[in-house]
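Letters go in sequence order (proteins before strands), and every chain restarts at 1. Since the structure is predicted, the reported quantities are computational estimates derived from the model, not experimental observations.
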Amino acid sequence: MEYAIRTENLSKTYGKTFKALDSVSLQVSRGEVVGYVGPNGAGKTTTIKILTGLIRPTSGRAHVNDRDVVSNPRDALRSMGALIEVPGVYDYLTPHEMLTYFGRVYGMRRDVIDQRIKETLELVRLPDWEHKKTGAFSTGMLRRLAIAKAVLHRPDILILDEPVLGLDPKGIMEVREMIRQFRSEGMTVFLSSHLLSEVAEVCDSVIFLDKGKVVTSDSVEGIGRRVGHAVVDARFLHPLSPEEIGKLKDIDLIKGVDMKNSTARLQYDGTPETSAQILRLLVSLNLDVVSYAAEGVGLEEYYVSVMSDEKGVN
Amino acid sequence: MMWALSDTWQVVLRDVRSRIRMPVFIFMNLFQPVLWLLLFTQIFKSLSGSVAGEGISYLDFFAPGVIVMTVLFGSAFAGMSTLMDMDSGVLSKMVATPVNRVSIITGRVLANVLVGLVQALIVFVVAAIMGVRVATGMPGVLLVLLLVALLGTGFAAFSNGLALLFKRTETVMATTNLLTMPLMFMSSMMMPSQALPDWLNTVRQFNPVDYAVVGVRNLVLYGYVWTDLWKSLLVLGAFAVVMVVFGTLMFGTRAE
Ligand SMILES: Nc1ncnc2c1ncn2[C@@H]1O[C@H](COP(=O)(O)OP(=O)(O)OP(=O)(O)O)[C@@H](O)[C@H]1O
Ligand SMILES: [Mg+2]
């Protein structure tokens with residue numbers, strides 16, 4: 001039981017020749033939060049559909065909890081919760097009715113289901129909507145309901161396809177909080193996303209996929225080191241004066257400064273230690289730091305540098 | 001094996017519940033058969049006595065056909081809801097669980113049949129109010145339900161298979177429309193076999209709808225005609241099994 005998710009040379013061909021996935025081998029360790037990143041049409045959803053038993057690979061293997069998802073889907077899917085792009089609810093059913101079905105098919109007892117429905121709806125902030133028809137739900141509410149569905153049976157692996165797609169900033173923050181909470185509970189999370197800042201914020205490591213092939217797989221910090229630097233955004237109470245900017249540039253640990261209004265994007269080597277030290281130095285320079293957040297950790301630059309130029313027809 | 005049954009049952013429950021939430025559809029499906037029952041029996045009233053023998057009104061003769069028609073209409077379009085669920089992602093959510101695909105498809109088909117049986121019973125009641133009596137009584141009614149359940153299973157599974165094969169609402173709609181009408185007319189649903197041309201009597205031997213019509217009509221009008229009844233049960237049973245296999249195969253390979 002070394003890896004929660006493991007694929008070996010996974011390939012999926014559509015039509016005669018189009019390879020949506022081309023020999024993808026990836027590993028996700030237990031308890032890890034992994035971002036699955038790539039341009040439109042890279043094959044992220046295809047991978048997730050294979051992992052969740054929706055489609056079969058043309059060749060290769062996929063294991064979830066060491067169970068082969070093709071030959072043993074029942075066991076493989078049991079300990080996994082999934083959120084797949086589309087909403088997929090009947091608008092005339094209530095969350096309670098919908099979740100009851102899923103609880104039953106995961107073999108949960110009725111009283112356990114009722115209790116878990118309460119808990120999960122609480123978790124996704126829909127406690128008052130248990131018996132309301134989902135037809136009136138907003139995109140954000142439907143997404144949160146889908147997340148409640150995914151964790152209802154207490155899976156130890158969670159697979160999320162674009163969990164924040166189409167959500168407003170508040171919705172994005174809420175989902176991010178949930179993912180953090182799942183991680184703190186020891187859950188393994190595999191999520192695909194286009195939002196690199198999102199991935200940098202919540203993920204331990206990243207797998208870059210392009211044209212059906214894995215380009216890189218590394219920890220978020222490791223990617224920062226590959227780019228040679230990572231970035232952190234420091235926002236100040238007032239725009240900095242030229243001398244103040246000069247002082248920033250004089251700090252050895254800071255490799256580059258990029259000012260925009262009152263925010264400075266600082267490049268550094270990507271280690272948490274350096275980041276902490278920089279913050280201490282900023283404060284000691286008597287600069288009023290309003291916020292200090294790792295932004296993208298160089299992911300964007302890395303992304304641009306490794307992804308092929310033509311982004312496909314999608 | 002127990003879990004497969006319990007999974008199927010959960011799918012049935014879920015499907016029936018979602019159908020009950022849309023009672024409009026259940027009644028919309030009933031509208032046509034009931035209309036036929038009311039209208040045709042008026043139009044062909046003058047044929048009473050001459051069509052199916054002494055003392056048998058056209059209503060008596062036609063009511064069994066309408067019961068079969070109700071289940072046929074209700075099941076022949078079953079694949080449409082599967083396509084809708086595919087488009088909306090409801091189906092993906094169901095497939096991405098430990099429930100196996102066979103349970104999902106059979107559960108959906110069974111739910112469809114259950115609703116069809118309720119509709120058939122409603123038509124039965126309407127016919128009874130109009131004066132139709134069942135020669136074989138309560139046991140006969142149960143056998144009628146068994147016959148139409150087999151027919152409904154076959155067509156619901158066939159429609160699901162078709163839906164997964166074509167994956168386009170328009171195509172499935174057109175194919176189904178193209179099939180159901182001829183299947184009804186190329187049977188003894190509206191006219192007794194004696195009144196049909198020879199070629200039609202040959203063709204109807206290959207038409208599952210006709211086996212249901214003959215079986216149901218015997219039970220309602222005449223009593224237990226065992227040779228016909230066995231033949232109907234056998235043919236419809238085989239039809240149901242073959243179609244469930246077809247639907248399951250399609251679902252296993254093409255529900256992506
Ligand atoms: N059923 C299908 N038939 C044919 N081609 C398909 C099918 N499903 C996906 N594809 C193709 O496979 C490729 C990978 O698609 P996939 O949905 O996995 O990409 P993705 O990485 O999820 O992209 P996005 O970021 O846009 O969601 C795309 O080029 C897509 O057009
Ligand atoms: Mg996708």
Distance in Å, [X] [atom1] paired with [Y] [atom2], rounded so as to fall on 0.5 Å steps:
X        : Y         : atom1 : atom2 : result
Met80(A) : Thr97(B)  : CE    : OG1   : 11.0 Å
Leu54(A) : Arg101(B) : CG    : CZ    : 7.0 Å
Arg74(A) : Ser103(B) : CZ    : OG    : 7.5 Å

Can you tell whether the side chains of Glu97(A) and Arg14(B) come within less than 4.0 Å, N to carboxylate O?
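Here Glu97(A) does not pair with Arg14(B) in a salt bridge, since their nearest N and O are not under 4.0 Å apart.
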Over 12 foreign heavy atoms within 6.0 Å of OH, Tyr92(A):
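Enclosed: over 12 neighbouring heavy atoms sit under 6.0 Å from OH of Tyr92(A).
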Closest approach of [X] and [Y], non-hydrogen atoms and distance?
X        : Y         : answer
Asp7(B)  : Val105(A) : OD1-O, 4.5 Å
Pro98(B) : Tyr106(A) : CD-CE2, 3.1 Å
Ala96(B) : Leu77(A)  : C-CD1, 4.2 Å

Under 6.0 Å from the ring centre and within 45 degrees of the ring axis: does the NZ or CZ of Arg104(A) meet both conditions for the six-membered ring of Trp9(B)?
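Geometry flag: not set, cation outside 6.0 Å or 45°.
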Given side chains that start at C-beta, do those of Tyr101(A) and Met94(B) come closer than 4.5 Å, heavy atoms only?
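Yes; the side chains approach each other to less than 4.5 Å.
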Hey, which of Asp75(A), Leu93(A), Leu51(A) has the most heavy atom pairs under 4.5 Å with chain B?
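The residue among Asp75(A), Leu93(A), Leu51(A) with the greatest pair count is Leu93(A).
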Go through the structure and list residues passing side chain to side chain donor-acceptor pair (under 3.5 Å) with Asp156(A), not counting sequence neighbours.
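Only Asn65(A) meet the side chain to side chain donor-acceptor pair (under 3.5 Å) criterion with Asp156(A).
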Which of Asn100(B), Val11(B), Asp85(B) touches chain A most, by non-hydrogen pairs under 4.5 Å:
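Maximum pair count with chain A is reached by Asp85(B).
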Checking Phe102(A) against Lys93(B) for the side chain to side chain contact (heavy atoms under 4.5 Å, CB included) test, could you report, in this order, the C-alpha distance in whole Å, the side-chain angles of both residues, the deciding distance, and whether it holds?
CA-CA 9 Å; Phe102(A) 285 105; Lys93(B) 275 210 175 134; 3.9 Å; yes
